[in-house]
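Take a look at the structure set out below.
Remember, it's a predicted structure, so these values are computed and weren't measured experimentally. Values reported hereafter were calculated over all heavy atoms of this structure, with side chains retained and with hydrogens, waters and symmetry mates removed. Chain A is the first sequence line, chain B the second, and so forth, proteins listed ahead of strands; every chain is numbered from 1.
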There are 2 protein chains.
Amino acid sequence: MASNSIKILEENGLSKTEVRKKVLNLFIDSACALSLSDIEAAFSKIDRITLYRTLKTFENKGIIHKAVDGTNHPKYAICEASCSEHKHEDDHAHFHCLSCGKTVCFEHVPNPAIPELLNGYVVEEATLILSGTCKECLVQKKSRISITETLE
Amino acid sequence: MASNSIKILEENGLSKTEVRKKVLNLFIDSACALSLSDIEAAFSKIDRITLYRTLKTFENKGIIHKAVDGTNHPKYAICEASCSEHKHEDDHAHFHCLSCGKTVCFEHVPNPAIPELLNGYVVEEATLILSGTCKECLVQKKSRISITETLE
DNA sequence: GAGTTTTTTGCAACAGTATTGCATTATAAA
DNA sequence: TTTATAATGCAATACTGTTGCAAAAAACTC
């Protein structure tokens with residue numbers, strides 16, 4: 001797994017530094033999108049400023065993409081191999097859980113096809129944000145309801 | 001027009017203060033969504049902290065809604081009359097212009113219908129963000145191209 | 001492997017964004 | 001008019017994001 005992050009860095013012509021390997025491994029292993037503070041919390045000592053730069057570098061290279069979730073708090077997730085420095089191809093919806101606050105990529109849900117011209121506006125991209133309750137919180141809600149019913 | 005903002009404040013059980021009337025008039029008159037700094041720039045002297053509170057109050061009452069545009073910078077726009085304290089009904093897409101940075105409501109473009117259950121996730125809301133070039137920037141681009149062609 | 005060049009990091013400094021508390025002011029109600 | 005309630009202005013603080021520079025690390029060259 002560690003060799004995967006090294007390979008990605010090599011393929012993108014980036015230096016294989018400790019910070020970059022750690023951050024990239026975190027993204028590779030993560031089931032949901034990560035904010036800067038998520039990453040900070042995952043390591044006991046990491047320079048916040050370097051993190052900003054690392055995230056920007058990774059995004060520019062097409063390694064990670066912005067996971068827009070409607071909260072206005074930036075989160076990023078690992079890209080698919082097809083993304084590159086010249087063209088992000090993260091054409092899928094993101095799901096934001098209103099319970100736990102996690103944001104996940106819904107790769108199987110493509111962003112809607114929209115006419116390129118709408119009322120005189122040129123539409124270059126459409127981004128879909130879904131929000132609701134994730135399966136983990138659903139399970140918790142269900143077990144909470146069961147306990148409540150038992151108490152009654 | 002001023003009496004319209006007073007009416008909205010009355011209907012929502014809010015005090016009709018100077019700040020609120022000015023801010024609400026700005027929203028009523030604006031063709032695009034407004035950020036806090038947009039509002040600050042529109043008045044020579046207005047307390048930024050009060051602005052934060054005012055926007056939050058208006059949003060909570062269903063007077064304005066968040067115009068999510070993918071930039072992670074909060075913007076708000078006036079709601080339709082159907083929105084209320086208990087339920088926002090701003091079920092339309094927003095368009096963000098990559099040229100000028102403006103964000104407008106596309107009331108005629110509804111957010112897509114999505115199944116309520118997707119892969120074990122309960123989807124309560126879908127939000128569509130469109131980005132590209134607005135008509136005003138298109139016009140400018142066209143006139144710029146014309147000038148360039150003339151120079152060649 | 002050593003030396004040189006390039007890239008990245010750590011840190012200071014700063015700018016921008018957002019929230020809380022409290023006294024004062026303004027608005028609404030009696 | 002007086003009283004009660006809501007809103008504002010301000011200080012203080014926390015959080016988020018950017019820039020510059022020297023030092024450290026990584027990459028390159030011989």
Can you confirm whether B/Val109 sits close enough to A/Asn119 that some side-chain heavy atom of one is under 4.5 Å from a side-chain heavy atom of the other? no
Which whole-number value in Å describes the distance from B/Asn72 CG to D/dT18 C1'? 16 Å
Quick check on D/dT18: is either OP1 or OP2 less than 4.0 Å from any side-chain nitrogen or oxygen of A/Tyr52? no
Under 3.5 Å, N/O pairs linking protein and nucleotides 28-30 of chain D:
none

Any idea how B/His65 and B/His92 line up, ring-wise: parallel (<30°), tilted (30 to 60°), or perpendicular (>60°)? perpendicular
Go through DNA chain C in 5' to 3' direction and return only the first and the last nucleotide with some atom under 4.0 Å of chain A's heavy atoms. C/dT7 to C/dA12
Is B/Ser15 reaching over with its side chain to a backbone N or O of B/Thr17, donor-acceptor style, under 3.5 angstrom? no
Lys/Arg N to Asp/Glu carboxylate O, A/Glu10 vs A/Lys7, below 4.0 Å: no
Annotated protein contacts, base or backbone, on nucleotides 7-15 of chain D with a non-hydrogen cut-off under 4.0 Å, one of B, S, - each: SBBBB----
Could you tell me the separation between the CG atom of B/Asp38 and the OG1 atom of B/Thr103, rounded to the nearest 0.5 Å? 9.5 Å
Do the ring centers of B/Tyr76 and B/Phe58 come within less than 6.0 Å of each other? no
The reported gap from CZ in A/Phe106 to CG in A/Asn111 (rounded to nearest 0.5 angstrom) is 12.5 Å
Rounded distance [0.5 Å steps], CG in A/Leu118 versus CG in B/Leu130: 7.0 Å
Please answer whether the main-chain N or O of A/Leu14 pairs with a side-chain N or O of A/Asn12 as donor and acceptor at a distance below 3.5 Å. no
Euclidean distance, A/Ile28 CD1 relative to A/Ile8 CD1, rounded to 0.5 Å: 4.0 Å
Measure the distance from NE2 on B/His73 to C1' on D/dT18 and round it to the nearest whole Å. 12 Å
